[in-house]
Amino acid sequence: MRRTTIYAWLMLLPAMVLLMAFTHYPAIRTIIASLHSTARGHRASVFVGLANYERLLSDDVFKQVLWNNLIYGALTVPVSIAIAISMALLVNYKLRGRGFVRMAYFTPTVLPLIAVANIWLFFYTPGFGLIDQIRGMFGLAQQNWIGQPDTVLYAMMVVTVWKEAGFFMIFYLAALQSISPSLYEAAAIEGASRWTVFRRITFPLLMPTTLFVSVNAAINSFRLIDHIFVMTGGGPNNASSLLLYYIYQVAFREWDTAYGATLTVVLLAILLLLAVGQFFFFDRKVHYK
Amino acid sequence: MTGSWKYDRPLVTLAAWVLALMWFLPLAYAIWTAFHPASYETHFVLWAPLTLENFASAWAQAPFAQYFLNTMILVVMILVVQIILATFAAYAFAVYEFAGKNILFGLVLVQLMIMPDILLVENYTTMRGLGLVDTILAIGLPYMGSAFAIFLLRQTFMTVPKELAEAAKIEGANALTLLWRVYVPLAKPTYLAFGLVSVSAHWNNFIWPLIITNSVSTRPLTVGLSVFAATDSGVEWSVINAATLMTSAPLLIAFLLFQRQFVQNFMRAGIK
């Protein structure tokens, strides 16, 4: 018995050391750093208690990026899911050119987000990009979608949905294929309408997938910010800046690492909340399988 | 599908195609500009002359060959280490009963939620302490202990029939032989699925490599592309689009060739 413990620990050791060195250790260090000041020049870092958190509460940029990120998540997650379900339902039909259709939906998933950003930057170019070309055909004026504070965040959301919907589609496809055809046959005998079938059979049975996808999409809305670097740099006026992008700016542009750590603690807290929420939901709502 | 359901098939087909074309349009536009002279960027005629000039121009203006090499070293290095470490860890979790098993597994699962991607500041400090800033190793190191790989392999190993392992033990196989001869071969589909997901994730990764590298000899493609597209504001769109396609090409072509496997493996890796 003791020997297997030693065996097991030896086998686990290398993976655990690396894993903890770049996940748990930095997470704890981040919390400690958030209670200290940033070392600058000859001034060493000192313990400052909650001073960084007080600064957080009066930081308007922080409030704005947090709000941006919440709207960004609150819209991209349900929209991506709605489109992903539609895609899966469409592709699940035996329709003409199904191969091409499925490929078109899924292709953005394989592209680097940086490449996607370049493609859409070109697409959005005022006057020149395809969107303005099409608007021009209808006599509409030029629009600088990513140059205006009130449209830029939405323009970024479109990119995110375009990139992610096809990825989520495949989880729904798998789930659809596992639904028993006899349920649909029964519904057809009852003369249920298409919408009723979706609302009463398909959608409830897809619930575990929807929860899984929601949590992943929510994490991604805080984690994937590559396109912001290329397309807007968080601008204009922080209108498209998200929490992780602000962390990058504070920590690696202004080199205020203590405040960067404080912001990271907020991000960690949000992810923790998501994890707890997932647990809670999975326990209570998902009893189909 | 019976009765009235038959009549809306054309409608469903139409909806599917409209959405597919919308989804394909941004990429199609990038492909169009990349393969035509700059004067045809917004001028769509069927007989526009095709050219590879944009690709040649991008290739000549930035060290893309070096970036390609860096990215390939990076993704192979990460994948090999991930798989070796995760195989042993997953085997221990799946096969042995030992003190602290549940706590350790819980610690592993934490990484599924809190990824190294968001702990930029402290991981940078660690790399500076190790003297690894601006190395390819530093880009890969935080990802080498992969909770995702451990989790997937553990799930697979747990499905291996006990009788198979017992039979091998009777024939005198020790733990390592057992792992190598019985468990690893049975987990081949899992390795393939994880491999695809890992390679595409790290081929596409951007923020951490951006922070930890600052020279041509270490920069991966994504960072190289962003530097190329950003600094030279004079570069024509057609050339930037060519560079963009070039950096995505290996994954894109692999995807088009092995579409079915890609989709199935992404699915397998995601569903757990």
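Chain letters run A, B, ... following the sequence lines, proteins first and then strands; every chain starts at 1.
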Asks: Measure the spacing between CD1 of B/I118 and CD1 of A/I247 and express it to the nearest 0.5 Å.
Replies: 7.5 Å

Asks: Is the shortest side-chain heavy-atom distance between A/D226 and B/I207 below 4.5 Å?
Replies: yes

Asks: What option among A/P26, A/A15, A/A27 has the most heavy-atom pairs under 4.5 Å with chain B?
Replies: A/P26

Asks: Roughly how far apart are B/L119 CG and A/F22 CZ, rounded to 0.5 Å?
Replies: 11.5 Å

Asks: I want to check something: taking the side chain as every heavy atom from C-beta on, are B/T13 and A/L90 in contact at a cut-off of under 4.5 Å?
Replies: no

Asks: By a 4.5 Å heavy-atom criterion (distance strictly below it), what part of B/V223 contacts chain A: side chain, backbone, both, or neither?
Replies: neither

Asks: Specify the closest pair of heavy atoms between B/W17 and A/R96, including all atoms of both residues, with the distance to one decimal.
Replies: NE1-O, 2.9 Å

Asks: Using ring centroids (six-membered ring only for Trp), state whether A/F252 and B/Y124 fall under 6.0 Å.
Replies: yes

Asks: Counting only heavy atoms closer than 4.5 Å, note whether A/A21 contacts chain B via side chain, backbone, both or neither.
Replies: backbone

Asks: So do A/F229 and B/S226 actually touch side chain to side chain, heavy atoms under 4.5 Å?
Replies: no

Asks: After noting the C-alpha distance and the side-chain angles of B/L210 and A/Y248, does the key distance pass the side-chain contact (heavy atoms from CB on, under 4.5 Å) rule?
Replies: CA-CA 11 Å; B/L210 172 77; A/Y248 165 81; 3.8 Å; yes

Asks: Any side-chain heavy atom of A/F100 within less than 4.5 Å of one from B/F24?
Replies: yes

Asks: Output the distance between atom CG (B/L256) and atom CE (A/M103), rounded to the nearest 0.5 Å.
Replies: 6.0 Å

Asks: With a 4.5 Å cut-off on side-chain heavy atoms, are B/F88 and A/L10 touching?
Replies: no

Asks: What pair of heavy atoms forms the shortest contact from A/V101 to B/A16, and how long is it?
Replies: CG1-O, 4.0 Å

Asks: How long is the span from the CG atom in B/L245 to the CG atom in A/N118, to the nearest 0.5 Å?
Replies: 10.0 Å

Asks: Go through the atoms of A/L121 and report whether side chain, backbone, both or neither lie under 4.5 Å from a heavy atom of chain B.
Replies: both

Asks: Heavy-atom pairs under 4.5 Å with chain B are the metric here; pick the option from A/P108, A/G191, A/A104 that has the most.
Replies: A/A104

Asks: Does A/M87 reach the side chain of B/W23, with side-chain heavy atoms less than 4.5 Å apart?
Replies: yes

Asks: B/N204 versus A/I114: any side-chain heavy-atom pair under 4.5 Å?
Replies: no

Asks: Is there side-chain contact between B/M113 and A/I219, with at least one heavy-atom pair below 4.5 Å?
Replies: yes

Asks: Tell me, out of B/M22, B/M115, B/Q82, who's got the most heavy-atom pairs with chain A below 4.5 Å.
Replies: B/M115

Asks: Any chance you could lay out the side-chain contact (heavy atoms from CB on, under 4.5 Å) test for B/Y96 and A/T5, step after step, and finish with the verdict?
Replies: CA-CA 8 Å; B/Y96 293 121; A/T5 299; over 6 Å; no

Asks: For the residue pair A/A115 and B/S248, what are the closest heavy atoms and their distance?
Replies: CB-OG, 3.4 Å

